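Here the structure comes first, spelled out in structure tokens, and everything after it is commentary.
Residues: numbered from 1 along the sequence shown. The structure displayed is predicted, hence computed values, not measured ones.
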Amino acid sequence: MTTLTQPELESYLWGAAVLLRGLVDAGDYKQFVFPLLFYKRLSDVWDEDYSDAMHESDGDTAYAQATANDRFVIPPGAHWSDVRAVAKDVGRALQTAMRAIEAANPGKLGGIFGDAPWTNKERLPDETLKNLLEHFSSQSLSLFHVPEDELGNGYEFLIKKFADDSGHTAQEFYTNRTLVHLMVQMLDPQPGDRIYDPTCGTGGMLISALAEVKRKGGEHRTLQLYGQERNHMTASIARMNLVLHGVEDSEIARGDTLAAPGFREHDALRSFDVVLANPPYSIKQWNREAWQSDPWGRNFLGTPPQGRADYAFFQHILRSMDPSTGRCAVLFPHGVLFRKEEAELRRKLVEADLVDCVLGLGPGLFYNSPMEACVVFCRSRKPEERRGKVLLIDAVGEIARERAMSFLRPDHQNRIDRVYAVYADEEGFAAVATLEAIAANDYSLSIPLYVKRKANGATEGDGQTATLAEAWQAWQAWEASGREFWLQMDDVVAMLDGLVGEESFTRSVKESEG
């Protein structure tokens, strides 16, 4: 066998999902394909270690087995080849083998395969499972044939494909990767940093931070990556994702971050150097009453309204930042910058001088949603020259769209990152506002209050340029009305989420309790 190219790997991986079509809903592909991919990888890497040790020891089987088990243990009868040889009740054999591997590796792999219904023959008859096993067996997933970076990229490819196929539920499963890259680039993670995502989904933001340190030539293996995810299956996918990317120091906690934060030490929240997050926006099903006397001190700005938990997640993130080195980037809908019901929370946030930068982005960067996104960057301790100031960037126009997908091109990312590094005014694009100026605007962080768009260079005194100026003003008025429409749609979407979300929330709670 030769090393797989990236297109070959992607075709191979997607081929497994194709085998499930007609039997399993697209939104459920992930709970079957990811565990099988991970199981095959573990077995092939174990075989690779065993073979290398046999060669090194001139055929000492005891030494070879001990060496292979040093990375992780595959108990007798639980190897991929054992399950592949089973003729009937394949689902039960798979489930038994996966549980045996989890039990043999409680720290590294405990519970990592999730709880897919492998024994449900109506959904997965033996013939389908045999076909899946044979499909995955057609390629070796050893480290030699598929190095960590390549398999990690293939895994990310599957995450996006599953998000595309699963429709409106994809937002909590997949965040626009070009935007994540920009967020990470601006936070500039360093070797040795503790990096945390309190609503980590499949771990994409953590992987992006790892990739950024690699890209800059830093020692990425010194990073410590932490995440929390409420959905048990998604948390398992995140853990597999990190392992397949070669991450050695990581932990993914399962559970509701607001109700039960998973990372604590010495009766306080654990602190991190970098926090990245795309929290679920404007959720209504959260325990507001408990927040008013939060034992972790996360209500230092106050208690958000019941219908919008955005500032609850925000305060959790701020409390999770290291007092000296902490910095964060949080993806929100624009409403958090100016909604009246959160005005007092925002006033305290601004006065605390935690906000470093507010970045406004164009529509469509939330998966399957036309809403405009913003990213709020904060620092526990700003550099001296930035204290008492906030940089606001109007990058609504820095966006590209292809095949109904919005994204940021490298030149968009570079322009935004450059103005953030310079931290200075740029006409029509960025403005540095003092805390006094923000106070004068009732502590609103709405970007158009501070960044005035230029009229394409038109000046008074020239009939042609005056006409251009009028046309530009008309365009701005039309664009502003469109922006206002989508901002109002934030409220509509939140309301609809509340109407349809109670059933899914109750179901997810039952699943987590089960």
Side-chain angles (χ1 to χ4, degrees), residues 3-10 13 34 37-38 41-42 44-45 48 71-72 108 141-160 174-198 200-227 229 237-252 272-278 322 325-329 331 375 377 407-418 420-421:
T3 302
L4 286 177
T5 66
Q6 202 66 42
E8 288 171 341
L9 176 62
E10 291 174 0
L13 295 178
F34 283 130
L37 166 62
F38 190 65
R41 173 67 158 194
L42 292 181
D44 286 354
V45 170
E48 185 176 35
R71 195 191 298 264
F72 43 79
K108 290 181 180 178
L141 293 179
S142 67
L143 288 167
F144 175 79
H145 292 105
V146 189
E148 288 165 347
D149 284 349
E150 280 76 359
L151 187 57
N153 290 337
Y155 196 89
E156 291 284 302
F157 160 81
L158 270 187
I159 287 173
K160 184 183 182 305
Y174 179 79
T175 304
N176 188 292
R177 289 295 176 257
T178 63
L179 178 52
V180 172
H181 175 70
L182 173 65
M183 293 164 66
V184 170
Q185 192 175 337
M186 293 170 70
L187 287 179
D188 191 25
Q190 298 296 309
D193 274 353
R194 297 154 295 161
I195 302 175
Y196 170 53
D197 182 347
C200 70
T202 56
M205 288 189 170
L206 298 173
I207 296 300
S208 188
L210 175 80
E212 179 67 8
V213 173
K214 279 186 180 180
R215 185 180 71 83
K216 292 183 176 177
E219 181 43 73
H220 62 278
R221 296 190 184 276
T222 62
L223 291 174
Q224 303 168 61
L225 304 181
Y226 302 87
E229 170 56 39
I237 292 169
R239 292 177 63 200
M240 294 181 223
N241 198 2
L242 291 168
V243 172
L244 293 177
H245 276 87
V247 177
E248 297 178 357
D249 194 347
S250 67
E251 183 178 352
I252 302 295
F272 303 91
D273 303 297
V274 174
V275 186
L276 289 147
N278 174 14
D322 183 276
T325 62
R327 52 206 189 276
C328 75
L331 178 63
V375 182
F377 295 83
F407 62 96
L408 303 173
R409 293 196 305 260
D411 57 309
H412 297 147
Q413 298 176 39
N414 292 337
R415 185 184 184 194
I416 295 166
D417 190 42
R418 177 188 55 77
Y420 177 62

What residues form a side chain to side chain contact (heavy atoms under 4.5 Å, CB included) with R221, not counting sequence neighbours?
E148, E219, E248
What are the two closest non-hydrogen atoms of L331 and M183, and how far apart are they?
N-CE, 4.1 Å
T3 to H145 - nearest heavy-atom pair and separation
CG2-O, 3.1 Å
Identify the heavy atoms of A238 and C200 that sit nearest to each other, and give their distance.
CB-SG, 4.3 Å
With E150 via side chain to side chain donor-acceptor pair (under 3.5 Å) - residues at least two apart
none
I'd like to check the ring pair (Phe, Tyr, Trp, His ring centres under 6.0 Å) partners of F38; sequence neighbours left out, ordered by chain and number.
F113
Please enumerate all residues that pass side chain to side chain donor-acceptor pair (under 3.5 Å) together with R239, with sequence neighbours excluded.
none
Can you sort out the partners of F377 under ring pair (Phe, Tyr, Trp, His ring centres under 6.0 Å), two or more places apart, ordered by chain and number?
Y420
Not counting sequence neighbours, which residues clear side chain to side chain contact (heavy atoms under 4.5 Å, CB included) with Q413? List them please.
T178, H181, L182, Q185, L408
Contacts of type salt bridge (charged side-chain N to carboxylate O under 4.0 Å, His left out), residue D188, not counting sequence neighbours:
K216
Closest approach of A209 and V184, non-hydrogen atoms and distance?
CA-CG1, 3.6 Å
What is the minimum heavy-atom distance between I159 and F34, and which atoms define it?
CG1-CZ, 3.7 Å
Output all residues satisfying salt bridge (charged side-chain N to carboxylate O under 4.0 Å, His left out) with D149, sequence neighbours left out; order by chain, then residue number.
K214
Using side chain to side chain donor-acceptor pair (under 3.5 Å) as the criterion, list what pairs up with D273, not counting sequence neighbours.
R194, T325
With sequence neighbours left out, the residues meeting side chain to side chain contact (heavy atoms under 4.5 Å, CB included) with K108 are none
Those residues at least two apart in sequence (or on a different chain) that pass salt bridge (charged side-chain N to carboxylate O under 4.0 Å, His left out) with R327 are D193
For L276 against P198, the heavy-atom pair lying closest together:
O-CD, 3.6 Å
For S250, all residues meeting side chain to side chain donor-acceptor pair (under 3.5 Å), sequence neighbours excluded
none
